[in-house]
2 protein chains.
Amino acid sequence: MLTIGKLGEAAGVKVPTIRYYEQIGLLPEPERSAGNQRLYGAKALDRLAFIRHARDLGFPLEAIRDLLSLSDRPDQSCAAADIIATEQLAAVKARIARLTALKAELERMITQCAQGTIADCRVIEVLSDHALCADDHRAQTGSGAAT
Amino acid sequence: MLTIGKLGEAAGVKVPTIRYYEQIGLLPEPERSAGNQRLYGAKALDRLAFIRHARDLGFPLEAIRDLLSLSDRPDQSCAAADIIATEQLAAVKARIARLTALKAELERMITQCAQGTIADCRVIEVLSDHALCADDHRAQTGSGAAT
DNA sequence: TCTTGAAGCTATAGTTGCTAGAGTCATTAG
DNA sequence: CTAATGACTCTAGCAACTATAGCTTCAAGA
């Protein structure tokens, strides 16, 4: 049996985060010691490691909730899991595309800056006038995490 | 003179967002009509468009605050603006690198999935066991926005 | 002129995924 | 036995908005 600190260490998750996961129902309420401290077994560690890993891959908690409930039903088709992962992949791809456009614009802006005064600073100027931009870096339909 | 709705339309910013920007001091408090409605002039539109554009490029509001106060002092060196933009570029690059790693892992995971049952679903399996991953998609030192 | 509907107002709470504090209690090493 | 660490609960805060509630004002048509 692990205390919350040991569990966190083992899974690479901070203690308040574990309590937060419990609070939102992602982890079940564990046993308690005589002194009211949480005690975890191996199953809890597996589950937490799963969550941690999925978070690392950028899955939002709601998607992880779904994946966890899928993994509890080993006999069902894995199509649903596949859909979730594919959606996550699409979200990641979209974010990369957007960030790549931003990167190009920022680079253009910075290399054009002649390091003079604000009055003729290309950075300020471009920000002031969208027309100076190469392309449209507007829309964003993001629902993904992946910080 | 523009009402808040017209201003928002002109700048491509939603009305509550404008009020929020005012609340956090990014936009000055505008004049009011006899009936207490906000009235904006051309300067407010410029400023809001600047903010919008910088947000589109992923600058966090605090950086935009700095950029705005720089643009109010046209005689100063633009080195500070350059630093802010360069930092933003670095943040964007870091996020792209991380997302690209995630993308590879997700693709690997999905293409290996044989579409059977959960019990042998590669997606669930990989999430359950970090050792099945190709590389380390762990760390993240992100302080940037760029949705 | 009256009326109706859109747009504006304030204030508060919710979103996501945690993180940080305050103040108290439990456990353990020396 | 005491002191240090760790755990407990509860609340508030972060970014950058978004949504809701309940009200007032404005513009246009009948």
Open item on the list: Could you report the tightest heavy-atom contact between A/P28 and A/E22, atom names first, then the distance?
Closed with: O-CG, 4.3 Å
Write down the distance between [atom1] ([X]) and [atom2] ([N]), rounded to a whole number of angstrom.
| X | N | atom1 | atom2 | value |
| --- | --- | --- | --- | --- |
| A/N36 | C/dT27 | CG | C1' | 13 Å |
| B/R19 | D/dT18 | CZ | C1' | 12 Å |
| B/Y20 | C/dA11 | OH | P | 17 Å |
| A/I64 | C/dG17 | CD1 | C1' | 10 Å |
| A/Q23 | C/dT19 | CD | P | 14 Å |
| A/E62 | C/dG17 | CD | C1' | 12 Å |
| B/L48 | D/dA16 | CG | C1' | 14 Å |
| A/E22 | C/dG17 | CD | C1' | 17 Å |

Are any of the side-chain heavy atoms of [X] and [Y] separated by less than 4.5 Å?
| X | Y | value |
| --- | --- | --- |
| B/R52 | B/R55 | no |
| A/K93 | B/K103 | yes |
| B/I18 | B/Y40 | yes |

Selected nucleotide, minimal atom distance to [X] side chain, candidates [options]:
| X | options | answer |
| --- | --- | --- |
| B/Q37 | C/dG17, D/dC8, D/dT25 | D/dT25 |
| A/R32 | C/dC9, D/dA16, D/dT9 | D/dT9 |
| A/P60 | C/dG17, D/dC17, D/dC26 | C/dG17 |
| B/L61 | D/dA16, C/dC9, C/dT19 | D/dA16 |

So, OP1 or OP2 of [N]: does either fall under 4.0 Å of a side-chain N or O from [X]?
| X | N | result |
| --- | --- | --- |
| B/R55 | D/dC17 | yes |
| B/T17 | D/dA16 | no |
| A/Y21 | C/dC18 | yes |
| A/K14 | C/dC18 | no |
| B/S33 | D/dC26 | yes |
| A/T3 | D/dA7 | yes |

- [ ] Pick out which of B/L99, B/L102, B/I96 makes a side chain to side chain contact (heavy atoms under 4.5 Å, CB included) with A/R95.
- [x] B/L99
- [ ] Under 4.0 Å between any heavy atoms, over every strand shown, what does A/R38 touch: base, sugar-phosphate, or nothing? Just pick one.
- [x]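 The residue A/R38 makes sugar-phosphate contact but no base contact.
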